[in-house]
Protein chains: 2
Amino acid sequence: MSATQKENSEATEVRARILEAAEQLFATHGFDTVSLRQITTKAGVNVAAVNYYFGSKAGLEVEVLGRVVRPINESRLQMLNDAEKEAGGRALEVECILHAALMPAIQTIKESEHSDPVVLKLAGRCMSETGEEMPVAIKKLFNQTDHRFCAALAKALPHLSKAEVFWRFHFTMGAMLYSLTQHETLVMMSDGEVTADDAGKALQQLVAFAAGGFCAENACKGGGQ
Amino acid sequence: MSATQKENSEATEVRARILEAAEQLFATHGFDTVSLRQITTKAGVNVAAVNYYFGSKAGLEVEVLGRVVRPINESRLQMLNDAEKEAGGRALEVECILHAALMPAIQTIKESEHSDPVVLKLAGRCMSETGEEMPVAIKKLFNQTDHRFCAALAKALPHLSKAEVFWRFHFTMGAMLYSLTQHETLVMMSDGEVTADDAGKALQQLVAFAAGGFCAENACKGGGQ
DNA sequence: TGACAATTAAAACAAGTGTTTTAAACGTAT
DNA sequence: ATACGTTTAAAACACTTGTTTTAATTGTCA
């Protein structure tokens, strides 16, 4: 009604509104597909505001991406550090490491359940995008985190070669990202055995699956030829 | 040189050239990113030829997608059928089922090794695209195949609930697609432990990992809370 | 050779892209 | 109230997108 004046108590500032709208649109439709007009229309601001606050569309993408990914990775590292501190010098249990690696991302979905289940799809999409269009800053953020987890896993599973640890951690990340971004595919495939609101169960299911995969014998056995 | 006339013995027809160029570009850069001009320039044909032969860009996408995905899924189903026929009525080994599910896709990469390792990225990307832009025809193609494999796995692992089988198969698909599309990420992450030409080892690594995951105990145990 | 269909080529189409420019409105401190 | 820097708004920017139109070319059969 009183649109002539802006109340700065309730009405979020333009910058924040752009970030929120962009986050939701990017998550559901991808970076390239969403246009600045879609974002600014949803946010109720002018098109030029994006370039004013973020320099370019790419700048907005990096900001949106970082806002979602950074706290998740920080949380993952902290959980791992805490567990290692508590264990003294001893190797951690595999399931404990995997829990730290997987929980923060999946938990974020559960927390944003009341709103759209949209937030985390972004983080998933962030790693499934093609190499060139992924900001380098974000990629390195994942890279150093991955190294820490692989080191912990190699310590817990000394009979595995380093290459095998990397392989299996890579598989685990793939399973996680796929279950984050493609949950509807699972719901549709399972014909009611898995429902849409079962996303919260993904964590325990995934930890159990990945732990089994890591504790399997060396790869030479099964494959033949 | 003698570009005035076309030799129809060596020079592939326009339609085929478009398909080939589109396949490579789609695989490396994604569907939305690649423009018709890029495709037709690479193919050395006129822009209008795409709409002439395929009706629209979407029509071209479906054709390219089907050409890659269909033979792979046929091969997967045939391997599963052959194995079940050989086993009579008995349940198959888990590793055998997984081998049938994973081999055709990964093998396609090895076969196209002399050319670009590009072909199969398409199939991977095909399932990691967002729901709405994925052709329904292709999705159903995967869906019925998935059902067959989940049924075989449920028979081999009767102590698992149906939901658990779906979950774990979903994880396996995620691991496969991620290793198909993001092999460079693994190479970079592993710092030389896994090299770029190790893509062929993915099959045995993946079968071993997924088999371990499927044979793990029920999910209730590990997750806590 | 002449006629008819299939194919290719060039050009224009309307619509949408990210970005920039220009000017107006705003809040704040002098 | 005046002036100043910040923020918003509208319009135009040059460019690319997928698609269509129109015309020229090709191949084939009568």
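The chains referred to below are lettered A, B, ... by the order of the sequence lines, with proteins before strands, and numbering in each begins at 1.
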Contacts of N51(A) and Q38(A) projected onto DNA chain C by closest heavy atom; the upstream (5') one is Q38(A)
field: Phosphate contact (dT7(D) OP1 or OP2) by Y53(A) side-chain N/O below 4.0 Å
entry: no
Original post:
Taking only side-chain nitrogens and oxygens of Y52(A), does any of them come within less than 4.0 Å of OP1 or OP2 of dT6(D)?
Top reply: no
Nucleotide by nucleotide, nucleotides 9-16 of chain C touches protein heavy atoms under 4.0 Å in the pattern (B base, S sugar-phosphate only, - none) BB-B----
Residues at least two apart in sequence or cross-chain that pass salt bridge (Lys or Arg N to Asp or Glu O under 4.0 Å) with R70(B), listed by chain then number, are none
D32(B) CG to dG18(D) C1', in whole Å, measures 13 Å
Separation of dT17(C) atom C1' from I39(A) atom CD1, nearest Å, is 12 Å
I18(B) atom CD1 is separated from dT7(C) atom C1', nearest whole Å, by 12 Å
Rounded to whole Å, CZ of F54(B) lies from P of dT8(C) at a distance of 11 Å
Atom CZ of R17(B) and atom C1' of dT8(C) are separated, to the nearest Å, by 12 Å
From NZ of K57(A) across to C1' of dT16(D) the rounded distance in Å is 13 Å
With F26(B) as partner, the option from V34(B), T33(B), D32(B), L65(B) fulfilling side chain to side chain contact (heavy atoms under 4.5 Å, CB included) is V34(B)
Side chain to side chain donor-acceptor pair (under 3.5 Å) pairs touching residues 39-56 of chain B, sequence neighbours excluded, are none
Sorted by chain and number, sequence neighbours left out, salt bridge (Lys or Arg N to Asp or Glu O under 4.0 Å) with E63(A) holds for R15(A)
Hits for side chain to side chain donor-acceptor pair (under 3.5 Å) against R67(B), two or more places apart or cross-chain, chain-then-number order -> E23(B)
Rounded to whole Å, CG of L25(A) lies from P of dT17(C) at a distance of 12 Å
Residues passing the side chain to side chain donor-acceptor pair (under 3.5 Å) test with D82(A), sequence neighbours excluded, are none
